[in-house]
**Q** 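Pasting a structure here, questions to come.
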Amino acid sequence: MKIGIVVFPGSNCEQDCLDAVTQAMGAQGAYLWHDETDLCGVDAVLLPGGFSYGDYLRSGALARFSPVLRSVRAFAEKGGPVLGICNGFQILCECGLLPGALVKNRSLRFQCQDVAVEVCRADTPFTNAYSAGQVLRLPIAHAEGNYYAPPETIQALEANGQVIFRYQQDVNGSVGNIAGICNEKRNVVGLMPHPERNLSAQPPLWNGDGAGAFESLKRFLLKSSLASL
């Protein structure tokens, strides 16, 4: 298994994602630079957190025009698994691979804290190792994590089971306490909390709840490869 990790100027979580790929999945990780178009035959793509292009204009607004995003879009449209974490989620919304937008936190402050996040769906490439209703402890670190979409979009997301993660309480003002969503095909997932920062149990700080996202991807890719034989 080979997992691509897109790196933009201003990304700062690519090493965390690489550690998750190698430690939690036992897979090969490959950095994909923002101005490249060749995904190098990867089996999945991760868009890490950070401040792509300095978050000028708004978070993810400039990254959507990167050459690599054209290839990521084509990969996703063919059913390839794509995960956007924090700034990666913002980029997925900006480029139209996911609906809605991430706007400034209701507090108007950068928030860095642990939060309780419920897994709403366990039927995506990034959640199948969890159980629906399971509550995870994951860190957040964002200033623009307040998920917003028009009422009709929210209604469609809820009806289609596209809300994948939900905060257990109002953290940043997100509509419906939405922490993460997927596309209609369920192969593209975005979330604001950072699973790659909680991979192993290291009490009292960490409990390893984030490892399931990468174990899920490993299971999905193994199952997909067996199905293609």
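Just so you know, residue 1 is the first one in the sequence shown, and it goes up from there. Keep in mind it's a predicted model, so treat the numbers as computed, not measured.
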**Q** Can you tell me how far NE2 of His142 sits from CG of Asp55, rounded to the nearest 0.5 angstrom?
**A** 12.5 Å
**Q** Taking the side chain from Gln162 and the backbone from Cys182, do they hold a donor-acceptor pair closer than 3.5 Å?
**A** yes
**Q** Step by step, would you call Ile181 with Phe165 a side-chain contact (heavy atoms from CB on, under 4.5 Å)?
**A** CA-CA 7 Å; Ile181 61 173; Phe165 297 99; over 6 Å; no
**Q** Other hydrophobic cluster members with Phe51, side-chain heavy atoms of Ile/Leu/Val/Met/Phe/Trp/Tyr under 4.5 Å, chained?
**A** Phe110
**Q** Taking all non-hydrogen atoms of both residues, which atom of Leu92 and which atom of Gly190 are closest, and how far apart?
**A** CD1-CA, 4.3 Å
**Q** Is there a side-chain contact between Leu98 and Val188 in this structure, where contact means two heavy atoms from C-beta onward sitting under 4.5 Å apart?
**A** yes
**Q** A side-chain contact here means heavy atoms from C-beta on lying under 4.5 Å apart; do Gln113 and Ile140 qualify?
**A** yes
**Q** Taking all non-hydrogen atoms of both residues, which atom of Cys13 and which atom of His194 are closest, and how far apart?
**A** SG-CE1, 3.9 Å
**Q** What do you reckon, is CD of Glu158 surrounded by more than 12 foreign heavy atoms closer than 6.0 Å?
**A** yes
**Q** Please find the pair of heavy atoms, one from Pro139 and one from Asn198, that lie closest to each other, and give the distance.
**A** CD-CB, 4.4 Å
**Q** Where do Gly29 and Leu18 come nearest, in terms of heavy atoms and distance?
**A** CA-CD1, 3.6 Å
**Q** Quick one: list whatever passes side-chain hydrogen bond (donor to acceptor under 3.5 Å, both in side chains) with Gln169, sequence neighbours left out.
**A** none
**Q** Checking Ser224 side chain against Phe220 main chain: does a donor-acceptor pair fall under 3.5 Å?
**A** yes
**Q** Is any side-chain heavy atom of Asn172 less than 4.5 Å from a side-chain heavy atom of Ser107?
**A** no
**Q** Passes side-chain contact (heavy atoms from CB on, under 4.5 Å), Met25 versus Met1? Steps please.
**A** CA-CA 9 Å; Met25 295 182 63; Met1 289 177 286; 4.3 Å; yes
**Q** Side-chain donor-acceptor contacts of residues 68-76 below 3.5 Å, not counting sequence neighbours, with atom names and distances?
**A**
unit_1, atom_1, unit_2, atom_2, d
Ser71, OG, Thr37, O, 2.4
Arg73, NH2, Cys95, O, 2.1

**Q** Given the rule that I, L, V, M, F, W and Y join up when any side-chain heavy atoms are under 4.5 Å apart, are Phe65 and Trp33 in one cluster?
**A** no
**Q** Test of understanding: clusters of I, L, V, M, F, W, Y form through side-chain heavy atoms closer than 4.5 Å, transitively. Do Tyr56 and Ile91 belong to the same one?
**A** yes
**Q** Output yes when a side-chain donor or acceptor of Asn207 lies under 3.5 Å from a complementary backbone atom of Ala201, and no otherwise.
**A** no
**Q** Is there a side-chain contact between Val117 and Arg166 in this structure, where contact means two heavy atoms from C-beta onward sitting under 4.5 Å apart?
**A** no
**Q** Output all residues satisfying side-chain hydrogen bond (donor to acceptor under 3.5 Å, both in side chains) with Thr124, sequence neighbours left out; order by chain, then residue number.
**A** Thr127
**Q** Drop me the distance from Ile178's CD1 to Tyr147's OH, to the nearest 0.5 angstrom.
**A** 6.0 Å
**Q** Any chance you could lay out the side-chain contact (heavy atoms from CB on, under 4.5 Å) test for Ile85 and Leu191, step after step, and finish with the verdict?
**A** CA-CA 5 Å; Ile85 303 171; Leu191 76 161; 4.1 Å; yes
**Q** List for me each residue that meets ring pair (Phe, Tyr, Trp, His ring centres under 6.0 Å) alongside His34, sequence neighbours excluded, and say none if there are none.
**A** Tyr53
**Q** OH/Tyr148 to OG1/Thr153 distance, rounded to the nearest 0.5 angstrom?
**A** 8.5 Å
**Q** Whether the side chain of Asn105 engages the backbone of Gly145 through a donor-acceptor N/O pair (distance < 3.5 Å, no angle test) should be reported.
**A** yes
**Q** Could you check whether any side-chain N or O of Asn146 sits under 3.5 Å from a backbone N or O of Ser174, counting only pairs where one atom can act as donor and the other as acceptor?
**A** yes
**Q** Flag yes if Val171 and Leu108 sit in one hydrophobic cluster, no otherwise; membership is Ile, Leu, Val, Met, Phe, Trp, Tyr, and two members link when side-chain heavy atoms are under 4.5 Å apart.
**A** no
**Q** By the salt bridge (charged side-chain N to carboxylate O under 4.0 Å, His left out) test, which pairs, at least two apart or in different chains, include something from residues 184-212?
**A** Asp123-Arg186
**Q** Please collect all salt bridge (charged side-chain N to carboxylate O under 4.0 Å, His left out) contacts where either partner lies in residues 103-116, sequence neighbours excluded, each pair once.
**A** Lys104-Glu144, Arg106-Asp170, Asp114-Arg137
**Q** What is the minimum heavy-atom distance between Phe8 and Ala63, and which atoms define it?
**A** CE2-CB, 3.8 Å
**Q** What is the minimum heavy-atom distance between Ser216 and Ala129, and which atoms define it?
**A** OG-N, 2.7 Å
**Q** Using only atom types and a distance under 3.5 Å, with no angle test, would you say the side chain of Tyr130 pairs donor to acceptor with the backbone of Ala213?
**A** yes
**Q** Who passes side chain to side chain contact (heavy atoms under 4.5 Å, CB included) against Glu152, sequence neighbours left out?
**A** Pro150
**Q** Taking Gln23 for the side chain and Leu199 for the main chain, is one N or O donor matched with an acceptor at less than 3.5 Å?
**A** no
**Q** Is the shortest heavy-atom distance from the side chain of Leu136 to the side chain of Val119 under 4.5 Å?
**A** yes
**Q** side-chain hydrogen bond (donor to acceptor under 3.5 Å, both in side chains) with Asn177: which residues, sequence neighbours excluded?
**A** none
**Q** Could you tell me the separation between the CG atom of Leu102 and the SG atom of Cys86, rounded to the nearest 0.5 Å?
**A** 8.0 Å
**Q** What pairs meet the side-chain hydrogen bond (donor to acceptor under 3.5 Å, both in side chains) rule with one or both residues in residues 5-17, with sequence neighbours excluded?
**A** Gln15-Asp19, Gln15-Tyr31
**Q** Give, for atom CZ of Arg121 and atom CG of Asn128, the distance between the pair rounded to the nearest 0.5 Å.
**A** 13.0 Å
**Q** Partners of Glu215 by side-chain hydrogen bond (donor to acceptor under 3.5 Å, both in side chains), sequence neighbours excluded?
**A** Arg219
**Q** Does a donor on one side chain sit under 3.5 Å from an acceptor on the other, for Gln202 and Ser200?
**A** yes
**Q** Taking the side chain as everything from C-beta on, heavy atoms only, tell me whether Pro48 gets closer than 4.5 Å to Asn87.
**A** no
**Q** With a 3.5 Å distance limit and no angle check, can you tell me whether Asp43 reaches the backbone of Ile3 through a side-chain donor-acceptor pair?
**A** no
**Q** Report the distance from atom CG of Leu138 to atom CH2 of Trp206, rounding to the nearest 0.5 Å.
**A** 9.0 Å
**Q** Under 4.5 Å between any side-chain heavy atoms of Tyr167 and Pro193, yes or no?
**A** yes
**Q** Is there a side-chain contact between Leu32 and Cys40 (heavy atoms, below 4.5 Å)?
**A** yes
**Q** One pair to check against side-chain contact (heavy atoms from CB on, under 4.5 Å): Ser52 and Leu62. What are the steps and the verdict?
**A** CA-CA 8 Å; Ser52 57; Leu62 295 180; over 6 Å; no
**Q** So which pairs with a foot in residues 89-102 pass salt bridge (charged side-chain N to carboxylate O under 4.0 Å, His left out), sequence neighbours left out?
**A** Arg58-Glu94
